[in-house]
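I have placed the structure first, in the form of structure tokens, so that the comments after it can refer back to it.
Values in this document were obtained by computation on a predicted structure and should not be read as measured data. Each chain gets a letter, A, B and so on, in the order the sequences are listed, and its residues count up from 1.
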Number of protein chains: 2
Amino acid sequence: MNSSPRRGRRPGSPDVRAQILAVARDRFHREGYDGVTMRSLAADVGVDAALISYYFGSKRGLFAAVLDVSVHPADVLAKLLEGDLETLPQRAVRTLVMVWDQPEMGMPLLSAARAAVADPELAALIRRGLHRELIDQLADRIGGADARHRAGTFVGQIGGLVFTRYVLAVEPLASMTADEIVRTLGPALRTTLFGPVAIPARRPHVAGGSARGPAPR
Amino acid sequence: MNSSPRRGRRPGSPDVRAQILAVARDRFHREGYDGVTMRSLAADVGVDAALISYYFGSKRGLFAAVLDVSVHPADVLAKLLEGDLETLPQRAVRTLVMVWDQPEMGMPLLSAARAAVADPELAALIRRGLHRELIDQLADRIGGADARHRAGTFVGQIGGLVFTRYVLAVEPLASMTADEIVRTLGPALRTTLFGPVAIPARRPHVAGGSARGPAPR
DNA sequence: GCGAAGAATTCATCACGGTTGAACAACTAC
DNA sequence: GTAGTTGTTCAACCGTGATGAATTCTTCGC
């Protein structure tokens, strides 16, 4: 059926743009940027490939549009920074894991992360976003001489969780529960934010360090 | 000059395979996997594109060959794990930064990291490598009930440094010196390896935590 | 030396990727 | 009702990696 769709505009007013966006969103998240071709996507929607270019300019434009409707990290970050600074490490880790663990959010974020690695422009976007929305504000709240260093390192550690657990899926991180992660990574993040900075001089740092001995249980 | 390179085997015994590999190495590191096309590479070497397929099977085969001659992380890791466990965090960070900061090593590693994000098979390779060569052995040396969790989290933070400083180039991490990074990240890694694991119960964890107060200085 | 086998190299071609310009159909405004 | 705008397809372009056949050089058995 629907043997040969004639040329020209379709009758009625089906919102084809939205359809394309929906299907693209789904497939990008499932198959990644390179896995989706314009033609196959167009076929999925039941439309010519040129129409996608017509609406979104290019494949990258389409991808950007998909990201735009999927990812809004700024709100979450603002919420995090509003709360008590003392508990920020735990809350940050828990929020991050919760957000990334639910597919509706995690998939878009993951494809955004992957794309950012491949595409320098997208990387710059994320870089600036992290800076304005997270690092600078965090540094302000910490205060002190090395606030920027602490904030940067904090973000690095958080980024490491994303990278190893979600992008690379390294065990055991990939299958640890949110609680387990909070318990092991939380204290390290506390150290980064509030702990002493190591003595610059060349000392092995043996006894009398800030934390020592096997874990209590 | 060299107006039209005739068909067939070249006279003499020029090691074209090695030439291709050398140029490919250089260009892959500078321009990334997608930035290098078979034809442009072949033109650079002064050879037909089909010859690359002849020697390396495919573009990915070529890339794998380039990685093969560039990256040998196992040795470095072994050295790290041999030393004193107490000083492992500092040594690990310092070694990592030193290795990645010198272009001859850092560039190949960076392109490997980028490729691993895009290509699931390469990601699996790195994942297994990290596991066998680092996480398992580190967990053995730490000992204790949650050794695996600690080791995984340790690697996660190290990976975060790579991700944010080298792949994403987020400030201020990207321009911190090795010493600065060791000073801020080192203590956190110590906490991960040796510090207490946070109390599972729901407590804000306010006073009496393992590390508290502003930095000395 | 000679001729056959094999290795190295190019050429022509393929299928497929995203993108583009022209043709055409429907809807909107006057 | 006709003119203009918007939506849609078609055909083609050019660049990608890959492949098979044709060609030239090297090597080895005799």
**Q.** Options dG20(D), dT9(C), dT16(D), nucleotide nearest the side-chain atoms of Val16(B)
**A.** dT9(C)

Q: Measure from CE on Met38(B) to C1' on dT19(D) and round the result to the nearest Å.
A: 11 Å

Q. Can a donor-acceptor pair be found between the side chains of Ser175(B) and Glu171(B) at a distance below 3.5 Å?
A. yes

(Q) Without decimals, in angstroms, what is the distance between Phe56(B) CZ and dA18(D) C1'? (A) 16 Å

Q: Go through Arg91(A) and Thr95(A) one step at a time and tell me if the side chain to side chain donor-acceptor pair (under 3.5 Å) criterion holds.
A: CA-CA 6 Å; Arg91(A) 287 185 295 114; Thr95(A) 304; over 6 Å; no

Q: Decide yes or no, distance alone: a donor-acceptor N/O pair under 3.5 angstrom between the base of dG15(D) and the side-chain of Arg39(B).
A: no

Q. Of all the choices, dA18(D), dC10(D), dG18(C), which nucleotide is nearest to the side chain of Ala50(A) once you look at every atom?
A. dC10(D)

**Q.** Spacing of Arg17(B) atom CZ relative to dT9(C) atom P, expressed in whole Å
**A.** 12 Å

Q: Ignoring backbone atoms, establish whether Tyr54(B) has a side-chain N or O less than 4.0 Å from OP1 or OP2 of dA18(D).
A: no

Q: Test Thr191(A) against Arg190(B) for side chain to side chain donor-acceptor pair (under 3.5 Å), laying out the working first.
A: CA-CA 9 Å; Thr191(A) 303; Arg190(B) 287 183 60 79; over 6 Å; no

Q: Would you mind reading off the distance between Leu41(B) atom CG and dG17(D) atom P, rounded to a whole angstrom?
A: 10 Å

Q: Report the nucleotide, chosen from dT9(C), dT9(D), dC11(C), that has the shortest atom-to-atom distance to any side-chain atom of Asp48(B).
A: dC11(C)

**Q.** Polar side-chain atom of Arg114(A) near backbone of Tyr33(A) as donor-acceptor pair, under 3.5 Å
**A.** no

Q. Starting at CD1 of Ile52(A) and ending at P of dT8(D), how long is that distance when rounded to a whole Å?
A. 12 Å

Q | Nucleotide nearest Thr37(A) when distance is taken to its side chain, options dT19(C), dT10(C), dG18(C) | A | dG18(C)

Q.
I need the CG-P distance between Leu51(B) and dT24(D), as an integer number of Å.
A. 17 Å

